Amino acid sequence: VQLQASGGGLVQAGDSLRLSCAASGRTFSTYVVAWFRQAPGKEREFLAGIRWTDDTTYTADSVKGRFTISKDNAENTVYLQINSLKPEDTAVYYCAASRTYFGPRAPAYTYWGQGTLVTVSS
């Protein structure tokens, strides 16, 4: 499955943004899809994941309350809604997919999109 992340850009602190992760090649129907981010000089950080088969979600405590993951079956797309953006949210945001693993470990995800840059100005 090929993943295409989009929706990043330059925003101001306090703004909201919705990132999209679209699948091509095959559907997400049996996958777990997750969002990660990586800021310059930092490790890739898990944000949230969703299991396509039953809509179970898992959100990192560090972003819970501001980040929400959701999906659209018809569009075969997973979204990440980010509210109350902060300058420290500046990073490249990636979506990833796994056939079985559902958790925060980046190496466990097989498929990765190219990333979309979010820059938050103060």
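The structure presented is a predicted model; accordingly, all values stated were derived computationally and were not measured.
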Atom pair OG (S6) and CD (Q114), whose distance is rounded to the nearest 0.5 Å: 8.0 Å
Shortest non-hydrogen separation from P87 to A13 and the atoms involved: CD-CB, 4.1 Å
Intermediate values then yes/no, side-chain hydrogen bond (donor to acceptor under 3.5 Å, both in side chains), N83 and S16: CA-CA 4 Å; N83 297 328; S16 296; 3.0 Å; yes
Taking every non-hydrogen atom, the tightest pair across T77 and S20: CG2-CB, 4.1 Å
Y101 with W35, same ILVMFWY side-chain cluster at under 4.5 Å: no
Between OG on residue S84 and CG on residue L17, distance to nearest 0.5 Å: 12.5 Å
Cluster overlap W112 with L117, hydrophobic side-chain contacts below 4.5 Å: yes
Donor-acceptor contact present, side-chain Y109 to main-chain R99, <3.5 Å: no
CG-CZ distance between L80 and R37, expressed to the nearest 0.5 angstrom: 9.5 Å
Path from W52 to Y111 over hydrophobic side-chain contacts below 4.5 Å: yes
Chi angles and distances behind the side-chain contact (heavy atoms from CB on, under 4.5 Å) call for F67, Q81: CA-CA 6 Å; F67 289 33; Q81 177 71 35; over 6 Å; no
Check: R18 and I82 side chains under 4.5 Å, non-hydrogen atoms: no
Ring-face cation of R51 near F102 (centre distance under 6.0 Å, axis angle within 45°): no
Distance (rounded to the nearest 0.5 Å) between L3 CG and Y31 OH: 9.0 Å
same_hphob_cluster(L85, L10) at 4.5 Å side-chain heavy-atom cutoff: no
Test log, rule side-chain contact (heavy atoms from CB on, under 4.5 Å), inputs Y93 and L47: CA-CA 9 Å; Y93 285 69; L47 301 172; 3.5 Å; yes
Verdict with reasoning, V78 to I69, per side-chain contact (heavy atoms from CB on, under 4.5 Å): CA-CA 7 Å; V78 173; I69 191 169; 3.7 Å; yes
Pairwise distance CD(Q12) to OG(S121) - rounded to 0.5 angstrom: 5.0 Å
side-chain contact (heavy atoms from CB on, under 4.5 Å) between C21 and Y79, intermediate numbers included: CA-CA 6 Å; C21 177; Y79 301 102; over 6 Å; no
Ionic contact status for K86 with D89, cut-off 4.0 Å: no
Heavy-atom neighbours of E88 CD exceed 12 at 6.0 Å: yes
Centroid-centroid under 6.0 Å between F46 and F36 rings: yes
Any donor-acceptor pair under 3.5 Å from T90 side chain to V120 backbone: yes
Over all atoms of both residues, closest heavy-atom pair of T100 and V32: O-CG2, 4.4 Å
Where V118 and L19 come nearest, the two heavy atoms and their spacing: CG2-CD2, 4.1 Å
Main-chain N/O of A60 paired with S62 side-chain donor or acceptor, under 3.5 Å: no
CD on Q38 to CD on E45, rounded to 0.5 Å: 10.0 Å
